[in-house]
Every structure is written in C-alpha cells, then in structure tokens.
There are 2 protein chains.
Amino acid sequence: MPRRIPVSTTRPTTLADIARQAGVSVMTASRAINGSGYVSEDARKSVMHAVEKLNYRPNLSARQLKVRRLDAIGILLPDIANPFSSELVNGMKRVLDPEGYTVFIATGNRSTRQEDASLQSFLDHRVDGLIVATRGTAMGDKALRSVVQQGVPLVTIGRPIHFRGVDSVTANHYQGAFDAVTHLIRMGHKRIGFIGIAPAHGKQLRRYQGYLNALREAGIEPREEYTVGPTEGPAFATQEDGYHGMLQLAQLHRPPTAIFARNDFTAIGAMHAAHTLGLSIPDDVAIAGFDNIPLAAFTMPPLTTVEQPIAQQGEEAARFLLERIRGRSQDRTATMECRLIVRQSTDLRLRNSHR
Amino acid sequence: MPRRIPVSTTRPTTLADIARQAGVSVMTASRAINGSGYVSEDARKSVMHAVEKLNYRPNLSARQLKVRRLDAIGILLPDIANPFSSELVNGMKRVLDPEGYTVFIATGNRSTRQEDASLQSFLDHRVDGLIVATRGTAMGDKALRSVVQQGVPLVTIGRPIHFRGVDSVTANHYQGAFDAVTHLIRMGHKRIGFIGIAPAHGKQLRRYQGYLNALREAGIEPREEYTVGPTEGPAFATQEDGYHGMLQLAQLHRPPTAIFARNDFTAIGAMHAAHTLGLSIPDDVAIAGFDNIPLAAFTMPPLTTVEQPIAQQGEEAARFLLERIRGRSQDRTATMECRLIVRQSTDLRLRNSHR
DNA sequence: CCGATTTAAGTTAGCGATATCACAGAATCT
DNA sequence: AGATTCTGTGATATCGCTAACTTAAATCGG
C-alpha cells in the first residue's frame, strides 16, 4: 500500500474553536448547533456567529462515532449508463432529502466482485441503510443476506429476494410484457418473435414469461425458433443483440411478423436490422420494446414500448427504507404496474407524436 | 428533524472484541490487521482468526478521526442519465481502485443548489479528494473556490476553471466541432446550420466556436439565422431541441443543406424532424452530431459524430487527483483530442457499419 | 559476555463530537 | 416559605481507533 503524504494547509475548524470564539463551553456550542437541550438566546447567537465566522462544519466521522448514525444511505446500482438509474435516484432523493439524509451512489459495473466491494464499502462506512438495485445473482444474494444479518436496513429494487428481513420493490414486468404481446396479437399478428434471451435461459426472465403466456392465452403455441438472444442469462441485452437477433429471425422459413424485444435498446437494434433488410415497419414487421427510454419516441418510426414507473419505484423503496430505519420489522413488498405505450412501430394509424 | 429510533440488533464487532478473543492487546490487534509495526507470527494468526470468526470490519469513522484520511474520493456528476457518466466513472475506478480508494458518487441533477448540497456532503464526510464533472456556473465556481481554500484536492472535468489550485481535464470540443464541420464542407456543403444553442448564448460553448471558425476558415460567413436552439445557456440540449430546431431551419427561405448538432441527442431529434418532413438523409440534408453515444451507430441512417475519449478523461482526472493528494501543488491541465466518426448520415458512400 | 540493536508486545493519550451527570439560579407550585 | 420543577451551563467520560511512548525479551557484533 503506497504511503500518502497529507497536504495539511489549515486544520479544519472544530467545535472547540467555536466554543472558544463564542466564549462558551463545547457542550453549549454543541447544543446550540444541534438545537438540543437548553441554550439561552444570547449563547445561541454568539455560537451561530462564531460558526458563520469560522466557517464551521461538524466532523461527521466524530459525530457518527458517538451517535451511531450517519444520516446517509447507500445506493448500489448495476451501472449508471442505464436509463433507469437517474430516474430511480431522483425518486429516492425526493423522499430522502427532506428527511435530512444524504445519498451516496456506488456501482457494481455488472461485476459481482465489484458489487460486493461497493456493498462492503457502504457497510464499512456504516451507512444507515441500503437500497440495492443490482440484478440478482447467487453470490450477490449471499452478500445481501449477510447485510441483513448485520442488522442494516435493506431494500431491493427489481430483484426477487429469497429470504426474510428485506423489503423489495419491483415493477410488474410480467404484466407489461403480457400487455405488449397481447397488443401485437390484437393487431392481427400470429407469428411473434422474442429477441433478448436464449430460450433455455428465459425461465427467470419475467418479461419472457409474459410473452409466452400472452401467446398461450391467445391460443398460440410459442415456437422455440422464434426466441433468440444471448445465453448469458440475466445480462443486459444490447442493440447488437437486437440487430443480430432480427437478422437471425428474418432467415427463418416463415419469419415472425412481429417482434417483442426485451428492452428498447434491443428493439432499436432490431429496427435497424429491419431497415437494413429493406423491411418496412410496421407493415413487414411490427416491433415493440420495453422501458420507454427517452429515445423511444424518436426512432423511425416511433417505438411502441412499455413504461415502468421508475421514479415511483425509487420513492417507494426510499419510504420502505425509512420505515425500516425507524423500526418496522415486518417485510414489505410493492409491485408497480407498467403501462403500454402504443406508437407507430406497431400501429400505423397513430398520429406522429412524441408522447 | 424527525427522531430516528435505532434498531440495534447486535453491536458490531470492535477491535476490543478481537483483542479479547485473540488474547492480545488492542494495539497488537490493530498492528496485525494493518500490517504495521512488529507482530509475531503467532499473534498475527490468532488475530486474523478472530477477525474471521467474529466477522470484524474496522469502523472507518473511528479510523478516519485518528488518521485524517478516509481512503475515499467523491465524484460529483451532473446527472447519471448522461451517457458519459458511466464511462467516466469506469475510467476513474480503473485508477483509483488499485490504490485502495473507494469511490462515492453524488449527483447535482442539473440544479446548482443540489450540486452545492452534494459537494458540501462530500466535504462534511471529509473525503480525501474530489472530482467534479458538472457544468460551470458562477455559483458552482464559488463553491469550488471554497473547496480549494479548505485544502481539499480537486480536479474538474470538462469545465474551464478560472482560479488556481485546481487541476482540470477536458476534451478538445473546439477541435472536434471544427473537424466535423470541415468534413461537412468537404462533402460540398456551403449552407450549414447549428442546432443546440441560441446564437446569443454561444460564446461559452466551444463546440459552437469550432463550428463558427471552421466556416470562416473555409471562407463561409456564418449566418445567424442558421443557428437555433435553447436560450438557457449551458443547459444540456435534448431530442426535443433538435426536433424543433430542424423544423425551424427547414422553414427558412434557403434552408441549410447540412446540420451540425450540439450533441447526438439533438442530432437524433433533428433526424426525426427531417424524416417527418420527408427529407432524406444525407441527400436533402446531412446531419452530424457529437459524443458518439451507443445509439449513434443504430440510427437510420447511422449518425456521423465526434467521439471524445471519455474513459481516458476519467483516468487522467483520477491520476491528477492522486498526485494532488500526494502533495503536488503545481496546477496541471490535460486536453484530450476528439475523433471524427463518419457514417452515412453525412456520407452515403460508406458501407453500412456499426463501427 | 556485555552494550546496542531488533523484535514484540503493552500503556497512554488523544482525534471531534455528544450523552450523562452535576450544579446553580430562576420560576412555579402547594 | 419550602419543595419542586424548569433553565442554562459546564465537567467528564466515551465512541473505536491509532500514534507515540514505554517496557522487556531476543538477537547480535566485536
């Protein structure tokens, strides 16, 4: 471990400096600053004046050592490029800021090892609670279980949890996918493909289950060759996956007339492949995605997709966490409904709109 | 301020617990764990054994209080939806992780007040250094100046800094824009529009200056009516801005035959408007963007754009910060070159490629 | 074989904050 | 009036950790 030479310019102001400047004891200064206990108006004023003058900021490490509370919560995200992340954090902040909590973010960068490291960092810094929005893995589950055992309040987002002591919030991906595929069926499609995961790995993927069941409920037996995608299980599917998936499906003897893509990125890749192949959308092939990323309204044609209430998931998770921190011990779960947004990539009759 | 009831399940293990369990003094335990000073092999082993058994993790607040070092650095980002953010953080982590630093991220959400709050939070927690990647504002500058005065090592990214004691890293946006516009001129265009900022507010925007000078250097006098965009100064320009900007330019008596958009989102909005108007790209209007977001290769047609070395900026910023923390006091600045990526939105002759 | 060095521990004293106890004077109650 | 409560303040002891000092045995070189 390399040595670090500190560049101590001026020592930061401490409570003792304030007390000296204000002519009171440190305890009185502390009380004045925190508004606890009895402090005369005179004393309060001169302390506040000193705080202002010396530009005092309490040392949170010192405070935390004593009160065992950091007023900070940690958020673990899979990665920040993800279009969710921002909205999710906004939702959480909306709830946590007014309560005086600071929010720190760390990312796992899709690597379980990095996720564990970030999680450990939060624990080492003794945050008051954790919100974890990374994808579920066996290794990750083990780490989370130990978090719970250590008594640190924990809420997960979009991740099924298999043990107690945790709250969780999720969107109804199953229903969203079901609705999207049902919409395609209503538009007259019978041969509907899924791009985003290899058939063998789709058991865990609720979006895929929604796709399968929508077909079955309409009396259409899903065909395995209509499902294409990466085999990496819960990995995020990309534009490239969508592009290659579409090419693959187009080569079939009787190719699908409609595509339900695992997410909007995948859908955009599929659209691109369709253009390349000279297929027109939605006449030759209809395409629907999932997530309603900002760009979805700006593809050509605009993309039909499913919107999940991201900010609300963040808010709810934050509320759950606050309740946990304040002592609730029963587990709670919230499932938020998704909303189908029909645009021209599946229905030409719609006006060209950005909504 | 609401009261918080702690849910103390089991008190976390302390060094004293370890010492007791291992049958040594706390100091020996500390030395064994930190690998400092002399510790016999026997003692080290039994301490490590106790650490393992009791699942001990040092209390970083307590340690920080003593050693005045947190081994953590704070990163302030404008918002996380931004496609940079992720890459930027990856670059930083690549440098900081191996040095034993933990990275915490906070966002300002494009609000100066929130940025200040996040910055203050980092300072209150006494991080060892700060990397700030938010857009420059007067209020923000003031806050940063005070950071420097407090002796906290600071590096900025993509933000011109007007005072000393700060390192900064930036991409050569000017050159990138210059190259893109020069490319448009070489493709035979003479009437080239800029979408992304109102002409009166473009003074600060290096991308706009690059546009103007590329025109002038080619002997083309820029026309004010060819520049359209929001008036909010350094705000981020969106798809909507691009869409409306394109509509506006198309209404001119002699509309531009090429568009240089402030960023890829704006370019995508403009492309969408062009499609809506029945203009073909690049025959009726060529369009170039900036940033090379992942989707840029998947628009129809693929978008010509300028790529800036994001991860490298993150790495360099992290290296600068480490040097500062270790005592360097001269200011350093790095400017990274951008790279023009020509695709079919400006040049039809190219093969359809995703590179 | 003896002083000097190295190795291996333990003791003490804080870091900067707050909880707790102690105490004095003012205000209120019975 | 005397007891009781309310105000306002300060002294002291920690929180969990490590720097600095101290002690003591082991090792070493001439």
Side-chain angles (χ1 to χ4, degrees), chain A residues 1 3-6 8 10-47 50-51 54-72 123-126 128, chain B residues 1 3-6 8 10-48 50-51 54-71 123-126 128:
Chain A
M1 188 79 73
R3 208 148 61 93
R4 293 180 195 104
I5 302 126
S8 79
T10 41
R11 184 179 54 78
T13 310
T14 74
L15 198 55
D17 299 328
I18 296 298
R20 205 174 308 114
Q21 171 80 24
V24 296
S25 72
V26 286
M27 209 46 233
T28 301
S30 170
R31 280 193 270 252
I33 289 166
N34 294 305
S36 61
Y38 295 109
V39 181
S40 70
E41 191 51 27
D42 277 6
R44 207 191 57 79
K45 263 191 194 144
S46 70
V47 167
V51 165
L54 301 182
N55 199 18
Y56 171 74
R57 289 252 108 202
N59 183 325
L60 294 189
S61 291
R63 168 179 286 168
Q64 206 249 24
L65 194 55
K66 191 74 202 177
V67 301
R68 283 129 180 293
R69 195 200 333 129
L70 194 57
D71 292 343
L123 293 178
D124 288 350
H125 287 275
R126 306 285 196 269
D128 301 326
Chain B
M1 190 77 76
R3 208 147 63 92
R4 292 179 196 104
I5 302 128
S8 78
T10 42
R11 184 180 52 78
T13 310
T14 74
L15 198 55
D17 298 329
I18 296 298
R20 204 173 310 116
Q21 171 81 25
V24 298
S25 72
V26 285
M27 206 49 231
T28 302
S30 170
R31 281 192 271 251
I33 288 166
N34 295 305
S36 59
Y38 295 111
V39 180
S40 71
E41 190 51 27
D42 276 6
R44 206 191 58 77
K45 262 193 195 144
S46 70
V47 166
M48 285 320 187
V51 165
L54 302 182
N55 199 16
Y56 171 73
R57 291 252 107 202
N59 182 325
L60 295 188
S61 291
R63 169 180 286 167
Q64 205 248 25
L65 194 54
K66 189 76 208 185
V67 302
R68 283 130 180 294
R69 191 191 346 119
L70 194 57
D71 293 343
L123 293 178
D124 288 350
H125 287 274
R126 306 286 197 269
D128 301 328

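Residue numbers begin at 1 in each chain, while the letters A, B, ... track the order of the sequences.
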Exercise. Could you give the OH-to-C1' distance, from A:Y56 to C:dA17, as a whole number of Å?
Worked result: 7 Å
For this session: Report the distance from atom CG of A:L123 to atom C1' of D:dG16, rounded to the nearest whole Å.
Result: 17 Å
Exercise. When you measure from the side chain of A:A62, which nucleotide among D:dT18, D:dT9, C:dA17 comes out closest?
Worked result: C:dA17
Exercise. Is the shortest distance from a Lys or Arg side-chain nitrogen in A:D42 or A:K45 to a carboxylate oxygen in the other one below 4.0 Å?
Worked result: no
Exercise. Rounded to the Å, how far apart are B:N59 CG and C:dC15 P?
Worked result: 18 Å
Problem set entry | D:dC15 phosphate, OP1 or OP2, under 4.0 Å from B:R11 side-chain N/O | no
For this session: Compare the minimum distances between each of D:dG16, C:dT18, D:dT9 and the side chain of A:Y38, then state the nucleotide with the smallest one.
Result: D:dT9
Exercise. Phosphate oxygens OP1/OP2 of D:dT18: is one of them under 4.0 Å from a side-chain N or O of B:S36?
Worked result: no
For this session: Go through the steps for B:R20 and B:L54 under the test side-chain contact (heavy atoms from CB on, under 4.5 Å), then give the verdict.
Result: CA-CA 11 Å; B:R20 204 173 310 116; B:L54 302 182; over 6 Å; no
Exercise. Roughly, in whole Å, what's the span from CG in B:N34 to P in D:dA19?
Worked result: 8 Å
For this session: When you get a sec, tell me which of C:dT11, C:dA8, D:dT18 is the closest nucleotide to the side chain of B:S30?
Result: D:dT18
Problem set entry | Side chain of B:M27 - closest among D:dA19, C:dG16, D:dG10 | D:dA19
Exercise. Within less than 4.0 Å of OP1 or OP2 of C:dG10, is there a side-chain N or O belonging to B:T28?
Worked result: yes
Exercise. Within this structure, what is the CD1-to-P distance between B:I18 and D:dT18, rounded to whole angstrom?
Worked result: 12 Å
Exercise. What's the CZ-P distance between B:R63 and D:dG16, to the nearest Å?
Worked result: 15 Å
Seminar exercise, completed: Note: for B:R31 and A:R44 on DNA chain D, the residue whose nearest nucleotide lies more 5' is A:R44
Exercise. Over how many whole Å does the gap from A:L65 atom CG to C:dA19 atom P extend?
Worked result: 13 Å
For this session: Please state how far atom NZ in A:K66 lies from atom C1' in D:dT14, giving the value in whole angstrom units.
Result: 4 Å
Exercise. If you look at every heavy atom in A:Q64 and B:S61, which pair is closest and at what distance?
Worked result: OE1-OG, 3.2 Å
For this session: Begin with the C-alpha distance, continue with both residues' side-chain angles, and end with the deciding distance and a verdict on side-chain contact (heavy atoms from CB on, under 4.5 Å) for B:R126 and A:L60.
Result: CA-CA 8 Å; B:R126 306 286 197 269; A:L60 294 189; over 6 Å; no
Exercise. Would you say B:S25 reaches C:dG10's phosphate, i.e. side-chain N/O to OP1/OP2 under 4.0 Å?
Worked result: yes
For this session: Any chance you could lay out the side-chain contact (heavy atoms from CB on, under 4.5 Å) test for B:V47 and B:I18, step after step, and finish with the verdict?
Result: CA-CA 7 Å; B:V47 166; B:I18 296 298; 4.0 Å; yes
Problem set entry | Closest listed nucleotide, where the reference is the side chain of B:A43 and the choices are C:dA9, D:dG8, D:dC15 | C:dA9
